[in-house]
Protein chains: 2
Amino acid sequence: MANCDLCVVRNRAICSSLDAQELEVLNAIGRTRTMQPGESLIWEGEDSVLVANVIDGVLKLSTNTEDGREQIVGVVYPSDFIGRPFGGTTGHGATALTEATVCVFSRRDFDAFAREHPALEHKLLERTLAELDRTRRWMLLLGRKSASEKLASFLLEMEERLRPSGCVWNFEDGASRRITLPFSRQQIADVLGLTIETVSRQFTRLKNDGVVDLPSRRDVILLDHAALVAEAG
Amino acid sequence: MANCDLCVVRNRAICSSLDAQELEVLNAIGRTRTMQPGESLIWEGEDSVLVANVIDGVLKLSTNTEDGREQIVGVVYPSDFIGRPFGGTTGHGATALTEATVCVFSRRDFDAFAREHPALEHKLLERTLAELDRTRRWMLLLGRKSASEKLASFLLEMEERLRPSGCVWNFEDGASRRITLPFSRQQIADVLGLTIETVSRQFTRLKNDGVVDLPSRRDVILLDHAALVAEAG
DNA sequence: CGTGACTTTGAGCCATTTCAACACGCGTGG
DNA sequence: CCACGCGTGTTGAAATGGCTCAAAGTCACG
C-alpha cells in the first residue's frame with residue numbers, strides 16, 4: 001500500500017488540498033503503478049475509465065489522424081494530473097516517454113471523491129485553467145511559427161519545464177545549461193507539427209551557429225540563451 | 001439592473017448551478033454590457049481584471065506574435081465563459097466578432113464568489129475540461145492537417161457550433177444547410193493557421209467541386225456533407 | 001564487430017506563401 | 001441614378017519553406 005506521506009509530489013499535486021484524514025481516503029481508492037517508455041495508460045477515443053497523478057517521469061498526450069499522422073497535444077510532468085474526470089471519452093492517449101510512476105484512480109471513484117472535496121476540485125480547476133492557457137499559447141506556435149521559431153521555442157520550454165523537476169539532469173555551467181530531452185527526434189517533430197528531417201536540420205543549424213551543442217542524441221547544451229529567445233519569435 | 005430570470009443563457013451558463021438567492025448575489029456584482037464587432041473586452045498580456053459570461057454573439061480569443069501574426073485560439077458562443085479566474089495574466093485577447101452581449105464581473109469579485117460556491121466551480125471545471133479537450137483536438141488540425149482538410153474541418157465545426165445557437169440563422173433545406181459565418185476570410189485564416197489567399201482558393205475549390213455554395217461572403221450552403229467529412233481527414 | 005533503430009544529410013518536388021493585380025459590394029456624394 | 005472610393009475577397013504567377021524519398025552515418029547493445 002502506497003503512503004502519501006512519502007510521496008515526492010505530495011505538496012505540489014492536487015493532493016496538497018487535502019488533510020491527512022482525507023488523504024487516507026483518497027489513498028485507499030488509488031494505487032501506484034510504474035510504466036516503461038512507450039507504455040500507454042490511456043488510449044484515444046476510449047471511455048474515460050482512469051485518471052492519475054504523475055509522481056515521476058514524463059508522459060505525452062497525443063492524437064492521431066486516421067491515416068497515422070500524430071500530434072502531441074500535451075506533455076505531462078511530475079505532479080501533473082492526467083485523464084478526463086466527469087464523463088465523456090478521452091480525446092487523446094497518454095503514453096510514457098520515460099520510465100514513469102503514476103498514482104492511478106478509477107475515474108468513477110475519483111469523480112465521487114472530488115465532488116465531496118471542493119478544495120480538491122478547486123486545485124484541479126486552477127491546474128486545468130493553467131494547462132488551457134499553456135495549450136493555447138502552443139497553438140500560436142503550431143499555426144503561425146516557422147520551423148526555426150518552433151524549435152527555438154521548444155528548447156526554451158524544455159529548459160523551463162525540466163529545471164525544477166527531479167526527473168532529468170540539469171546543471172549550471174557558466175551561462176550554458178544542459179538539458180536531457182525526454183523526446184526522440186520523431187517525438188519532437190510530433191510536438192512541433194514538423195517532420196523528423198526538418199527537426200534534425202534545424203538542430204544542426206543551431207549547432208553550426210553556435211547556439212547549442214549536441215553532445216548526444218538526447219542532450220542539448222544551451223550555449224546562447226539570448227539567441228534562442230530572439231529566434232523563438 | 002439586469003435580471004437573471006430573463007437571461008436566455010440562464011440554464012446553460014455556469015449560473016445554472018445556482019439557486020435564486022445565490023443568483024441575486026451574483027447579479028449584484030455583475031453587469032451586462034453590449035459590444036460592437038471588433039471591440040475588445042480583454043487584451044493579451046494584461047492583468048486579469050475581468051471575467052464574463054457570453055449572453056449573445058460570438059467572440060474570438062487570439063494571440064499575436066511580436067511581428068503581428070495572429071492566431072485565433074478559441075471561439076466563444078452564448079453561455080460560454082470568458083476570462084482567467086484565480087490570478088495571473090490573460091494569455092490572449094477577447095474580441096467581439098459580431099454584436100455581442102456579455103455579463104461582466106470583476107475578477108476579484110468573481111473569484112471570491114466562486115470560492116464560496118463549489119457547485120459553480122464544478123460547472124466551471126467541467127466547462128474548462130471540455131474546452132481543453134476541444135482545444136487539443138484543434139492542435140491536430142494546426143499541426144498536421146493540409147489546407148483542404150483544415151477548411152473542411154472548420155466548416156463542419158461551424159455547422160455544429162452554430163446550429164443550437166440563436167445568434168445565427170440556420171435552417172434545413174433538404175439535405176443542405178446554410179450557415180452564416182461570424183468570420184471574415186482573414187479571421188478564418190487566423191483560426192486555421194493559413195493565409196487569406198489559401199482560404200479563398202480552398203473555398204472556390206469546394207464550390208467548383210459542388211461541395212458547398214457561396215451565396216455571399218459570409219454565407220455557406222453545405223451541399224455535400226459526406227464529402228466534407230471525407231475531406232476533413 | 002554486427003545488427004537494427006535512430007539520426008543526419010542530400011536532392012528534388014510540391015503545397016502554401018508571397019506579391020501583385022483585379023473584381024465585387026456597398027455607402028457616399030455629385 | 002451613377003461615379004467613385006474603400007474594404008474585402010478572388011485570382012494569377014513566381015518564390016520558397018518544408019516535405020518526400022533515398023542513402024549514408026551513428027550509436028547502443030548483443
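In what follows, chains carry the letters A, B, and so on, assigned in the order in which the sequence lines appear, proteins first and then strands, with residues in each chain numbered from 1. Both backbone and side-chain heavy atoms feed into the values below; hydrogens, waters and symmetry mates do not.
- Atom-to-atom, CD of A:Gln202 to C1' of D:dC19 comes out at 13 Å; the value is rounded to the nearest Å.
- Side-chain contact of A:Ser153 with A:Lys145: a donor-acceptor pair under 3.5 Å is present, judged by distance alone.
- Aromatic rings from B:Phe110 and B:Phe81 are positioned such that their centres are separated by under 6.0 Å.
- Following rounding to the nearest Å, A:Lys145 (NZ) and D:dG17 (C1') show an atom-to-atom distance of 17 Å.
- Note on B:Asp80 versus B:Arg127: salt bridge recorded, some NZ/NE/NH1/NH2 to OD/OE distance being below 4.0 Å.
- The side-chain hydrogen bond (donor to acceptor under 3.5 Å, both in side chains) search around A:Asp190 returns A:Gln186, B:Arg144, not counting sequence neighbours.
- A salt bridge is absent between B:Asp133 and B:Arg137: the closest approach of a Lys/Arg side-chain nitrogen to an acidic carboxylate oxygen does not fall below 4.0 angstrom.
- Between the side chain of B:Arg201 and the base of C:dT18, a donor-acceptor pair under 3.5 Å is found.
- Contact between the side-chain N/O atoms of A:Thr195 and the OP1/OP2 oxygens of D:dC19 is found at a separation under 4.0 Å.
- Rounded to whole Å, the distance from NZ on B:Lys207 to P on D:dG9 is 14 Å.
- Salt-bridge check for B:Asp67 with B:Arg69: passed, with a basic side-chain N closer than 4.0 Å to an acidic carboxylate O.
- Taking atom CG of residue B:Leu194 and atom C1' of nucleotide C:dT17, one finds them 10 Å apart after rounding to whole Å.
- Whole-Å rounding puts the B:Lys150 NZ to C:dA15 P distance at 15 Å.
- Toward the 5' end of DNA chain D, the nearer of the two residues A:Thr198 and B:Leu214, judged by each one's closest nucleotide, is B:Leu214.
- Salt-bridge formation is not detected for the pair A:Arg136/A:Glu131: no Lys NZ or Arg NE/NH1/NH2 atom is positioned less than 4.0 Å from an Asp or Glu carboxylate oxygen.
- Each of A:Arg144 and A:Phe203 was assigned the nucleotide of DNA chain C with the nearest heavy atom; the assignment lying further toward the 5' end belongs to A:Phe203.
- To the nearest angstrom, C1' of C:dT9 lies 16 Å from CG of A:Leu206.
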For nucleotides 4-7 of chain C, tabulate all protein N/O to nucleotide N/O atom pairs closer than 3.5 Å, reporting atom names and distance.
| unit_1 | atom_1 | unit_2 | atom_2 | d |
| --- | --- | --- | --- | --- |
| C:dC6 | O2 | A:Arg217 | NH2 | 3.0 |
| C:dT7 | OP1 | A:Arg185 | N | 3.3 |
| C:dT7 | OP2 | A:Arg185 | N | 3.3 |

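- Taking 4.0 Å as the cut-off between side-chain N and carboxylate O, A:Arg33 and A:Glu39 count as a salt-bridged pair.
- One end of the helix from C:dC1-D:dG30 to C:dG30-D:dC1 points its axis 20° away from the other end's axis, with each axis taken from 5 pairs and the angle rounded to 10°.
- By the 4.0 Å N-to-carboxylate-O rule, B:Glu157 lies close enough to B:Arg134 to be salt-bridged with it.
- For the pair A:Leu151 CG and D:dG18 P, the interatomic distance rounds to 12 Å; values are reported in whole Å.
- Atom-to-atom, CZ of A:Arg205 to P of C:dT9 comes out at 13 Å; the value is rounded to the nearest Å.
- In this structure, A:Thr204 reaches the sugar-phosphate backbone alone: every heavy-atom distance under 4.0 Å involves primed, P, OP1 or OP2 atoms, never a base.
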